[in-house]
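Presented below is the structure to which this report refers.
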2 protein chains.
Amino acid sequence: MQISMKCSVAVHCLIFIHEAKGTVKVTSELLAKSTGCNPVVIRNIISALKKSGLITVQRGTGGAELCAEPSQITLYQIYTALEPNGLKSLIGVHSCQERPCPVAQNIAKVLQTPYSQIEDAIKSTMEKITLQSMIEEFRGLANSQN
Amino acid sequence: MQISMKCSVAVHCLIFIHEAKGTVKVTSELLAKSTGCNPVVIRNIISALKKSGLITVQRGTGGAELCAEPSQITLYQIYTALEPNGLKSLIGVHSCQERPCPVAQNIAKVLQTPYSQIEDAIKSTMEKITLQSMIEEFRGLANSQN
DNA sequence: ACAAGATGTAATTTCAACAATTACATCTAT
DNA sequence: ATAGATGTAATTGTTGAAATTACATCTTGT
């Protein structure tokens with residue numbers, strides 16, 4: 001599966017939560033309106049972010065807040081919060097090991113090294129991207145919009 | 001969508017074609033047996049590789065052969081042969097631009113920079129991986145199997 | 001105490017993308 | 001001509017993601 005929309009929606013939510021701080025109570029209903037997703041989808045994403053310690057959510061009364069400075073939150077943290085299997089799920093290998101052909105029996109192992117290299121490259125790139133940088137980008141865009 | 005199984009199957013086919021050179025005629029039927037895919041799926045993959053100039057296929061009589069040295073064929077070439085949209089298709093962004101919220105209106109642009117960085121990282125990693133290196137890996141594994 | 005408004009999650013439905021399959025036109029060597 | 005391939009369009013599963021439904025649980029205000 002792809003680096004799914006979930007990740008984009010999560011970043012959306014985190015920016016929203018940060019920018020709304022002190023002005024309004026951020027509920028799943030509100031985030032659903034902003035992102036265009038269903039409230040339950042939002043709650044699942046929010047729940048995953050919470051389990052990873054990126055945000056706190058006030059049970060019952062509602063309201064989400066960041067747990068850390070945006071400069072300390074990386075895109076990789078956000079991604080892994082949402083994808084328990086991590087980057088493994090990004091690349092697919094066909095299964096054919098039981099077949100009587102030397103290529104079939106070894107293809108999975110042959111692909112392991114290249115695919116790991118790709119995963120590592122994605123990981124280290126994601127680790128360099130912070131929520132802070134995305135918020136700054138957002139503020140620049142939002143200001144020039146007026 | 002993911003770096004789909006198609007890519008793994010394509011590498012499988014290319015190794016097969018290379019290793020079979022001079023021994024048997026490599027038909028889509030044969031590749032289908034080895035990979036476990038349907039012959040038509042193989043023909044589509046083979047057809048894409050052909051259009052990119054990586055292999056030649058003898059129309060009518062059958063038989064596929066590499067067009068270049070394995071050391072000159074990179075994983076990135078293989079991948080782009082199969083995915084016309086390239087790495088763009090790997091990362092999904094939710095659409096919410098029409099919504100009356102500054103975050104919603106700008107999120108797509110905010111994500112553009114990070115996602116481009118990820119795509120570039122994947123691309124340059126894939127460009128460093130050659131069919132040659134995968135064939136060597138395969139031969140090492142196949143030999144130690146005996 | 002209890003109603004209102006939230007979150008947390010399980011279960012189901014919907015939907016889109018991918019792969020498999022069917023079908024058939026076309027090509028090449030014998 | 002025919003046998004054995006490739007090239008592709010069209011259709012049919014199949015699978016996984018997202019949306020939705022439903023309901024249990026929590027917190028605060030009254």
Side-chain angles (χ1 to χ4, degrees), chain A residues 1-10 12-13 17 20 24-52 54-65 79 81-85 88-96, chain B residues 1-10 12-13 17 20 24-52 54-65 79 81-85 88-96:
Chain A
M1 80 215 50
Q2 69 184 150
I3 296 179
S4 82
M5 252 162 37
K6 267 201 290 188
C7 189
S8 302
V9 173
H12 185 143
C13 291
I17 291 168
V24 293
K25 189 177 67 174
V26 181
T27 67
S28 65
E29 194 66 39
L30 189 56
L31 288 170
K33 285 233 171 63
S34 176
T35 60
C37 297
N38 187 282
V40 177
V41 173
I42 295 294
R43 289 208 284 271
N44 283 323
I45 289 171
I46 283 302
S47 174
L49 294 172
K50 186 181 155 190
K51 274 173 189 150
S52 299
L54 297 178
I55 60 173
T56 53
V57 179
Q58 206 59 34
R59 181 90 202 255
T61 171
E65 289 197 11
Y79 177 74
L82 300 170
E83 302 291 341
N85 296 329
K88 290 285 172 205
S89 52
L90 195 59
I91 305 179
V93 179
H94 60 294
S95 64
C96 55
Chain B
M1 81 214 47
Q2 69 185 150
I3 295 178
S4 84
M5 254 161 35
K6 266 200 294 187
C7 188
S8 302
V9 173
H12 186 142
C13 291
I17 290 168
V24 294
K25 189 177 67 174
V26 181
T27 66
S28 64
E29 195 67 38
L30 189 55
L31 288 170
K33 285 234 173 61
S34 176
T35 60
C37 297
N38 187 283
V40 179
V41 173
I42 295 293
R43 289 208 284 271
N44 283 323
I45 289 170
I46 284 301
S47 173
L49 294 173
K50 187 181 154 191
K51 275 174 190 153
S52 298
L54 297 179
I55 61 174
T56 52
V57 180
Q58 207 58 34
R59 182 90 203 257
T61 171
E65 290 198 10
Y79 178 74
L82 301 168
E83 302 291 341
N85 295 329
K88 290 286 171 204
S89 52
L90 194 61
I91 306 178
V93 179
H94 60 294
S95 63
C96 56

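Computed from a prediction, not measured in an experiment: that's the story for all the values here. Throughout, protein chains are lettered first and strands after them, A, B, ... in sequence-line order, and every chain is numbered starting at 1.
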Check: Can you tell me how far the CD1 atom of B/I42 sits from the NZ atom of B/K6, to the nearest 0.5 Å?
Finding: 12.0 Å
Check: Could you give the CD-to-C1' distance, from A/E65 to C/dT7, as a whole number of Å?
Finding: 16 Å
Checklist line | Worked verdict on B/K25 versus B/T61 for side chain to side chain contact (heavy atoms under 4.5 Å, CB included) | finding: CA-CA 9 Å; B/K25 189 177 67 174; B/T61 171; 4.1 Å; yes
Next item on the list: Given side chain to side chain contact (heavy atoms under 4.5 Å, CB included), test A/S34 with A/L30 step by step and report yes or no.
Entry: CA-CA 6 Å; A/S34 176; A/L30 189 56; over 6 Å; no
Check: Over how many whole Å does the gap from A/I17 atom CD1 to C/dT7 atom P extend?
Finding: 11 Å
Item checked: Test item: B/C37 and B/M5 side chains (from C-beta on) under 4.5 Å apart, heavy atoms -> no
Next item on the list: In whole angstrom, give the distance that lies between atom NE2 of A/H94 and atom C1' of C/dC18.
Entry: 16 Å
Item checked: Atom-pair distance (CG on B/L90; P on C/dC18), nearest Å -> 12 Å
Next item on the list: Of all the heavy-atom pairs spanning A/I45 and A/A10, show the shortest one and how long it is.
Entry: CG2-CB, 3.9 Å
Checklist line | Atom-pair distance (CD1 on A/I42; P on C/dA6), nearest Å | finding: 15 Å
Notebook entry, point to check: Using a heavy-atom distance cut-off of less than 4.0 Å, which residues of residues 24-34 of chain A contact DNA chain C?
Noted result: A/T27, A/S28
Item checked: B/I46 to B/I55 - nearest heavy-atom pair and separation -> O-CD1, 3.6 Å
Item checked: Approximate separation, where rounding is to 0.5 Å, of A/C7 SG and A/H12 NE2 -> 13.5 Å
Next item on the list: Grab the CD1-P distance between A/I46 and C/dT9 for me, whole Å please.
Entry: 13 Å
Next item on the list: Taking B/S8 for its side chain and A/G92 for its backbone only, find out whether a donor-acceptor pair lies under 3.5 Å.
Entry: yes
Next item on the list: Scan nucleotides 19-30 of chain D nucleotide by nucleotide, 5' to 3', and note B when protein non-hydrogen atoms come under 4.0 Å of the base, S if they reach only the sugar-phosphate, - if neither.
Entry: BBBB--BBS---
Check: Expressed in angstrom and rounded to an integer, what is the separation of B/K50 atom NZ from C/dC27 atom C1'?
Finding: 11 Å
